[in-house]
Amino acid sequence: MASGLAALLDDVAAIAKLAAASLDDVTAAAGKAGSKAIGVVVDDAAVTPGYAMGFTPIRELPIVWKIALGSLRNKFLFLLPGALVLSAFAPWAVTPILMLGGSYLCFEATEKIYEAIVKTAHDDNQLHVAELALSSTQMEAHKIAGAIRTDLILSGEIMAIALATVADRPLGIQAGALVLVSLILTAGVYGVVGLIIKMDDIGVHLARRRTAVVRWFGRGLVKAMPVLMQTLTMVGTAAMLWVGGGIIVHGLEHFGIRFVPDLVEGFSHAAAGVPGIGAVTSWLAFALGSAVVGLAVGAIIVGAMHLIAYWRSSTADV
């Protein structure tokens with residue numbers, strides 16, 4: 001009996017050790033996968049606050065919560081099962097899908113730059129009239145739906161990048177890593193988004209306090225909000241270019257097309273020679289080179305889309 005109990009305890013201990021080792025593997029894989037997807041995460045955090053702005057303060061956090069729930073639904077109902085099916089039955093498709101998603105990011109960023117350059121007052125007035133035609137409830141639902149659609153693209157890129165990072169691990173480790181990445185990044189992104197959109201309210205509250213330093217800090221938060229939103233827009237656009245371009249560069253390298261990857265990597269290696277900060281300058285050079293590639297790819301897609309739109313309008317007029 002004692003020997004049987006001892007054997008049982010040994011088995012339990014062995015199972016516990018195995019579970020702990022698996023958990024360590026999942027955590028390590030999730031950390032590696034999450035770090036690879038950080039550029040898309042920056043973009044996600046930079047893009048989302050705009051969807052919750054313009055509403056009464058009491059509705060801002062509920063809107064962020066609804067978008068976060070939609071993000072989790074995107075990840076767990078669609079993207080995670082799809083990623084695991086790809087990993088099990090069509091691992092060769094991961095890189096092409098990543099490149100398609102990267103091309104979309106490049107297109108989005110380049111389209112934003114194009115619109116910022118050529119936007120007219122007429123376009124702004126049309127948009128304003130269209131928005132006024134919606135009730136506040138309809139506007140909220142419209143904004144949330146748009147944010148969730150954008151999140152689907154960005155979350156798809158995060159999941160694809162994470163999957164590519166852990167593709168050589170067992171399927172169970174892949175699933176655990178993707179679940180962990182999904183939960184941590186969603187909580188992190190939408191926690192930061194919630195803090196950003198409430199920053200002006202926090203500033204107003206602090207500006208009413210008795211302490212002079214606290215009032216000064218509160219007023220500073222309120223004044224910094226427009227600058228922060230503008231900065232987030234620029235950072236988000238830059239992140240889309242360097243992430244999308246980087247994905248395309250790595251994809252071309254994967255398929256043996258070396259010319260563009262060699263140029264970007266050569267630029268990065270040359271920048272690594274700066275004494276003391278070589279690692280930083282090397283990364284910046286690679287990001288810049290990737291962004292240039294992303295801008296070129298985005299410009300081609302934007303040009304093609306506008307040519308198609310022009311051709312359709314011309315055909316319709318005839």
Side chain to side chain contact (heavy atoms under 4.5 Å, CB included) between H254 and M99, intermediate numbers included: CA-CA 11 Å; H254 175 80; M99 293 181 73; over 6 Å; no

Donor-acceptor contact below 3.5 Å, side chain T231 vs main chain V227: yes

Member of V243, L241, T110 meeting the side chain to side chain contact (heavy atoms under 4.5 Å, CB included) criterion with L105: V243

Closest non-hydrogen atom pair between L98 and I247, with its separation: O-CG2, 3.2 Å

Sequence-distant partners of S87, side chain to side chain donor-acceptor pair (under 3.5 Å), two or more places apart: Q174

Would you tabulate the side-chain donor-acceptor contacts of residues 202-219 under 3.5 Å, counting partners in other chains and residues two or more places apart, or write 'none'?
unit_1: R215; atom_1: NH1; unit_2: R209; atom_2: O; d: 3.3
unit_1: R215; atom_1: NH1; unit_2: R210; atom_2: O; d: 2.4

Side-chain heavy-atom pair E265, R258 within 4.5 angstrom cut-off: yes

L183 and its side chain to side chain contact (heavy atoms under 4.5 Å, CB included) partner, picked from T186, L185, V179: V179

Members besides M234 in its Ile/Leu/Val/Met/Phe/Trp/Tyr cluster (side-chain heavy atoms under 4.5 Å): none

No-hydrogen, no-angle side-chain donor-acceptor test under 3.5 Å, S155 and K75: yes

Pair F107 + H306: ring centers closer than 6.0 Å: no

Expected output: side-chain S268 to main-chain A285 donor-acceptor under 3.5 Å: no

Distance in Å, L79 CG paired with L152 CG, rounded so as to fall on 0.5 Å steps: 5.5 Å

Any donor-acceptor pair under 3.5 Å from N74 side chain to I148 backbone: yes

Residues, nucleotides or ligands: over 12 heavy atoms within 6.0 Å of F255 CZ: yes

